[in-house]
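I have placed the structure first, in the form of C-alpha cells, so that the comments after it can refer back to it.
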Amino acid sequence: MSAASVLLKSPGRVGARRSRSRIRRALLAVVLVAGAGLGGAIGASAPAAAAAFPNVVVPAPASEVADGTTFTLASSATITSDDADVGGYLATILRRSTGYPLPLTVGAGTPGTVALSLSGAPSSVGTEGYELVSSPSGVVIRANQAAGLFHGVQTLLQLMPGAVMGSTVAAGPWTVPGGTITDWPRFGYRGAMLDVARHFFTVAQVERYIDEMALYKVNYLHLHLSDDQGWRIVVNSWPNLATYGGSTEVGGGAGGFYTQADYQAIIAYATSRYITVVPEIDMPGHTNAALASYASLNCNGVAPALYTGTNVGFSSLCVPLALTYTFVDQVVGELAALTPGPYIHIGGDEASSTSASDYATFIDKVQPIVAAHGKAVMGWHNIAATSLAPSTLAQFWDTTTTDSALAAAAASGTKVVMSPANHAYLDMKYTHKTKLGQHWAGYVDVNTAYGWDPGDYLTGVTGSSVAGVEAPLWTETIVTSADIDQMAFPRLPALMELGWSPYSTHDTTSFDQRLGAQGPRWHAMGVNYYKSTQITWPTGS
Ligand code: TNX
C-alpha cells in the first residue's frame, strides 16, 4: 500500500476529513517528497498521484478510499441487480446516454459488470446507506435495502461524466474512478417541500421535480396541498373543496387539483425514487379556500370570496364550531387512507386570525384525530406553543436561533425538522437581482444555504432532537418547472448535503467545487439552474 493511500484511508474511514483540498495538498507533498527521495522517479508511479476520488459527489460521502485505478463502461457491459426497480432505473439512464444495450439480469447469478447486491453490505450503512466498490473490472454496489442501492446508484452516476444524465446518446469514455465509498446518512429526514396551493403544478411537473430531488438523496416530499389561494386534492366527503376551492391560484389563474388517483400516482412515483410523501392540509389559518367552498365552516355562516393575492394570516377555521372537527376528521381520514407514509402535516403556521387559546384548543383536538387515523402529526413549529403528542414532529421555519417553546418541546422529546427560512427557504431570492422569489427572510445565495449546521443551530434543539432538514419551496412567484429549477438548483443539493453528510465533511471550498461539478449534469438534463457567482462552473455547465 502506498503512502498516499494510507494517508487517504484513515481520515476517510473515520469520516473526519475536513477538506479534500487539504488532503490533496498533503498528498501532493507526499508525492513530491517521495519523488525527491527517488531521484525524481515518481513520474512512473502515476497511480499514487491519481489516488484521490475526484471531488464531485454531492452530498459528500461519509468515507472514500481511492485506489488510483479507473473502470470504463464498455458496450459489452452487463448489469445485475437484486432489486428489479433500482436495476431498471440505472439501466434506463445508462442506455439512454451511452447507447449501449446493457442487458439487465435480476436476482441470483454471476454478477454483471455493474452489480447491485442486497447482500454483503456492512451493517453500519443501515437502511439507506451503501458500499460502492469500483475496480477496473466493474462496479459493485452493496446495500441492506433497495433504498441504499438507489442512493449508491446516484453516487455512481455522479462519478461518471455529466453527459451520462443526458437524454440522447453522447460520446464516452464512460469512466468511474476506482476505490471504495462507504456511505450512510446523518439524518433520517431529508425533505423537499413543494407548495402546490399558491400555484398549481401538474402530476408531470411534480414527477419532474421528484426525479431531480432524488439525485441528491432526498427521502421526503412534503406537498403543501391547501392554502388561502387553493385546495388541491379531491376530498369525496367535501367535494367543493377541489372543484371550487381549487379553481384559482395566486394571480387569478385557473388553479387545478389532484384527483385521488393523481395523488396516488404522485405517491407511487415518489416511492419508486425511495421518497415518502407527507401531505399537508394547513390549518387553522391559511384556510380561505376551504372557507370559501363551504359557508357552513364559517363562524358567521357566510363564505368569503376566493382569494388570489399573497397576504397571509387573515383566515381561520371556526374553532368553537363542532362541524370543524367533522371536517378535519373526514379530510384527514381520506388523506390518511391514501397515504402510506407515517405523517400528516397539519400546518399550524401564521394563524394570526386565531386567538392563542383557540389555537391551543384546535391543535389539542386535531392531534388525536390524526392519531385515530393511524398517522403521526407533523406541523410548523408554532404548534410547540401547545402540548404535543410524543410522536409529533415540529418543523422549524423562523429566522431566529432561539425559540423557547420549541426548546421546551424538544426537552420533552419532540423531534424537529430544520427549515430556517434564512437558510433553507428555496423561495428566497439569491441576491437583490434575482427576479423570482421573496426576501423577507433575507437573500439566500448558495453559501448561505450551506453555511449552518442543522444539528447545532437552534438553542436547545440539537443532537438527537433533530430529525433532519427540509427545503420548502413556496410558490407565490413560482409558476413553471423552469421556475422550480431556478430556485431549487443549486440550493436544494446544498441543503441535502447538510442532511446527509457527516458534519466533519463540512467545508465551503470543497462543497463549492463539488457543486460546480453538478453543472454539466444539469446542463445535460435541461435543468434551468441558477449560475450563482459563488461557484466556479466548469466547461459544459
Ligand atoms: C411563510 S413560514 C409561510 C408561507 C409563505 C412563505 C413565503 C410558513 C410556515 N409560512 O405561507 O408562503 O412565508 O416565503
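Atoms within each ligand, like the ligands themselves, are counted from 1 in listed order. No experiment lies behind these values; they were computed from the predicted model shown.
When only modelled atom types and interatomic distance are considered, E280 and H222 share a side-chain donor-acceptor pair under 3.5 Å.
Atoms SG and OH, on C318 and Y325 in that order, are 8.0 Å from each other to the nearest 0.5 Å.
Contact between Q395 and ligand 1 is absent, with no heavy atom of the residue lying under 4.0 Å from the ligand.
By the 3.5 Å distance cut-off applied to N or O atoms, W440 is counted among the residues near ligand 1. No N or O atom of D227 sits closer than 3.5 Å to an N or O atom of ligand 1. Not a single N or O atom of W380, backbone or side chain, sits closer than 3.5 Å to an N or O atom of ligand 1. Among the atoms of Y425, none of the N or O lies under 3.5 angstrom from an N or O of ligand 1. Among the atoms of E350, some N or O lies under 3.5 angstrom from an N or O of ligand 1.
Shown in contact with M428 at under 4.0 Å from a heavy atom are these atoms of ligand 1, numbered in order with element: 14 (O). Close approach of ligand 1 to H286 is summarised as follows: ligand atoms under 4.0 Å from at least one heavy atom of the residue are 11 (O).
Residue, atom and distance of the protein heavy atom nearest to atom 5 (C) of ligand 1 are E476 OE2, 3.4 Å. Of the protein's heavy atoms, R198 NH2, 2.9 Å lies nearest to atom 11 (O) of ligand 1.
Of the candidates L426, D349, D427, T310, it is D349 that places a heavy atom closest to atom 9 (C) of ligand 1.
Only one option out of D512, N447, D445 pairs with S532 in a side-chain hydrogen bond (donor to acceptor under 3.5 Å, both in side chains); it is D445.
Salt bridge D195/R198: present, at least one basic N to carboxylate O contact under 4.0 Å. With salt bridges taken as basic N to acidic carboxylate O contacts below 4.0 Å, none links E128 and K217. Using a 4.0 Å cut-off between a side-chain N of Lys or Arg and a carboxylate O of Asp or Glu, D227 and R232 do not qualify as a salt bridge.
Judged purely by atom type and a 3.5 angstrom limit, H373 has no side-chain atom pairing as donor or acceptor with the backbone of L335.
R491 forms a cation-pi arrangement with Y430, by the criterion of a distance under 6.0 Å to the ring centre and an angle within 45° of the ring axis.
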